[in-house]
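The chains referred to below are lettered A, B, ... by the order of the sequence lines, with proteins before strands, and numbering in each begins at 1.
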Amino acid sequence: MKKLINDPKDVVVEALRGMAGAHPDHLRVDLDNKVIYRKDAPVKGKVGLVSGGGSGHEPMHGGFVGLGMLDAACAGEVFTSPVPDQMEAATQAVDGGAGVLHIVKNYTGDVMNFEMAAEMADADSGVEVRTVVTNDDVAVKDSLYTAGRRGVGVTVLLEKLVGAAAEEGRPLAQVADLATRINESGRSMGLALTSCTVPAAGKPTFELGDDEFELGIGIHGEPGRERKAMAPARELAEQLLEPILDDLPRSSGQPVIAFVNGMGGTPLLELYLMFNEVSTILEKANIPISRSLVGNYITSLEMAGCSVTLQTADDDLIHLWDAPVNTPGLRWGA
Amino acid sequence: MATQDRFVEWLGDLAQTMAESQEHLTELDSAIGDADHGSNMARGTAAVAELLDGEFPDTASLLKKAGMTLVSTVGGASGPLYGTFFIRLAGPLAGKSDVSAAELGAALRAGVDGVLQRGKAEPGDKTMYDAWAPALAAYDEAVTGGSDLGPALGAAAKAAAEGRDATGPLVARKGRASYLGERSAGHIDPGAASTTLLLESAARTLR
């Protein structure tokens, strides 16, 4: 394993120190609690948005802290959910009097720790907390026999859209309902071409042959559901989109926000090529793309591969999408 | 009867055990999870070991603090689960200086109930509960048969190990391994493995 690290156990704190140094005008980092704050948080009267999760998915979530997106992000160890203390500290610090929304990806650890944090925040300080759990990954059958669908690409779109709504001053109940609606109207599916290596583990999480890819991969190097023979990008795009389109609730002619996300180890050249395949397929299916996003936004360390997310859009969502955002990982109009 | 010193010894032994087993647990977790169970448990139990020089009025306050420390340092699903276990374990032991076999039994039951409540697992879901449930039954049986807490914990650890091994063929229905579906079969559950280590450590030290 070759990585640009010192000691595996210092990776997260040292990266946070770098992040604080690189973005002094926009961010404030609490190294003890491993929380990244928007510099001007708490914003009086604005609903506070707190997310977080294991590190190793950068720019998510810390890179999405700033104007028009998150107020705070809690950084766990690599691929390990943060702990309730971090979340409670973040919740209290960003409460501008309008309450706080927790944006949680559906992984057992994240859900349990955020649950404990919300209980603690309510008991200790009376901050009103609402929670949205994202679960957009169609690779996972939503049945009683799994922990439910995982939260993946929709989390990025949701943080942008809900961030804009909170910035406009919409109240907590509205912001939380919007978050739920966004989660329900977005679907994702991913694939991996290589494994990643968790620094503390020191070797690849799984092995994939040169002639294979893993369909339905998660974002933690956890293997997907199915290992298949490698195929041209056109066929890979079809295999990603088919289960998404099967499941995406939308009415005929309704546009989508299309998001091709890199897992960290795939060049933009290939991601744009994949976007081209995705848009060709959507065009044939008479699904207009009203907005799009291509790049590495919810990554899995250096894993090669990508995911595709489609989010059904309406006028309000497009208005929120176009609103100014100024974060290290996403920036336009500001 | 186990005194507070024995519990201190247990938590110290647990930290050492987890440090030594770190790689093995992470290997189990790589197969069906996300390759962090070993480092998480080692980090959390090491933080607990740092408490042991401090003064605690009784065993219960030591165990409660240990639980809160695990919640604050482990992360993932294991943090809330093991943290809740120790916090609840402390409940029935409040105010006790010497813990009897029966009292520890009641505490273990409270701890495991906490794990169940937090994790909502059922038998056969391929989780740590598949080690906890037979361990608790074996402990109670041993105490009913007249064993003191040391030998009863030995029986519990043995039953936990059998429960751990029995998770091998199961298809996971909880946690990250559940996403693998059928492919999760053929691998031991890392949580059941760490639970077995925890009970083996208890059997070595609490007597």
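- Contact of S72(B) with chain A is made through backbone and side chain together, with heavy-atom distances under 4.5 Å.
- Only the side chain of D110(A) comes within contact range of chain B, with at least one heavy atom under 4.5 Å from a heavy atom of that chain.
- Salt-bridge annotation for K203(A) and E23(B): absent, with no side-chain N of the basic residue lying under 4.0 Å from a carboxylate O of the acidic one.
- Atom CD of E212(A) has more than 12 heavy atoms from other residues, nucleotides or ligands within 6.0 Å.
- In this structure the side chain of T84(B) reaches within 4.5 angstrom of the side chain of M116(A), judged on heavy atoms.
- Residue-environment remark: CD (E14(A)) exceeds the threshold of 12 foreign heavy atoms within 6.0 Å.
- Using a 4.5 Å cut-off between heavy atoms, V74(B) touches chain A through its backbone atoms (N, CA, C, O) alone.
- The residues E226(A) and R183(B) are annotated as not salt-bridged, no charged nitrogen and carboxylate oxygen being separated by less than 4.0 angstrom.
- In terms of non-hydrogen atom pairs under 4.5 Å with chain A, the most contact-rich of S184(B), A35(B), A77(B), G38(B) is A77(B).
- Here the side chains of K9(A) and R43(B) are not in contact, with every heavy-atom distance at 4.5 Å or above.
- Using a 4.5 Å cut-off between heavy atoms, T73(B) contacts chain A through its backbone alone, with no side-chain atom that close.
- Nearest heavy-atom pair across M112(A) and G119(B) is CE-CA, 3.9 Å.
- Closest approach of G76(B) and S81(A) over heavy atoms only: N-OG, 2.9 Å.
- Between chain A and the residues S39(B), A177(B), S78(B), G175(B), the largest count of heavy-atom pairs under 4.5 Å involves G175(B).
- Per-residue heavy-atom pair counts under 4.5 Å with chain A were compared for T26(B), D125(B), V71(B), and the maximum is reached by V71(B).
- For D7(A), the CG atom sits in a packed shell: over 12 heavy atoms of surrounding residues, nucleotides or ligands are nearer than 6.0 Å.
- Side-chain contact between T108(A) and K174(B): absent, with no pair of heavy atoms (C-beta onward) separated by less than 4.5 Å.
- Counting only distance, with no hydrogens or angles, the side chain of S178(B) and the backbone of A147(A) share a donor-acceptor pair below 3.5 Å.
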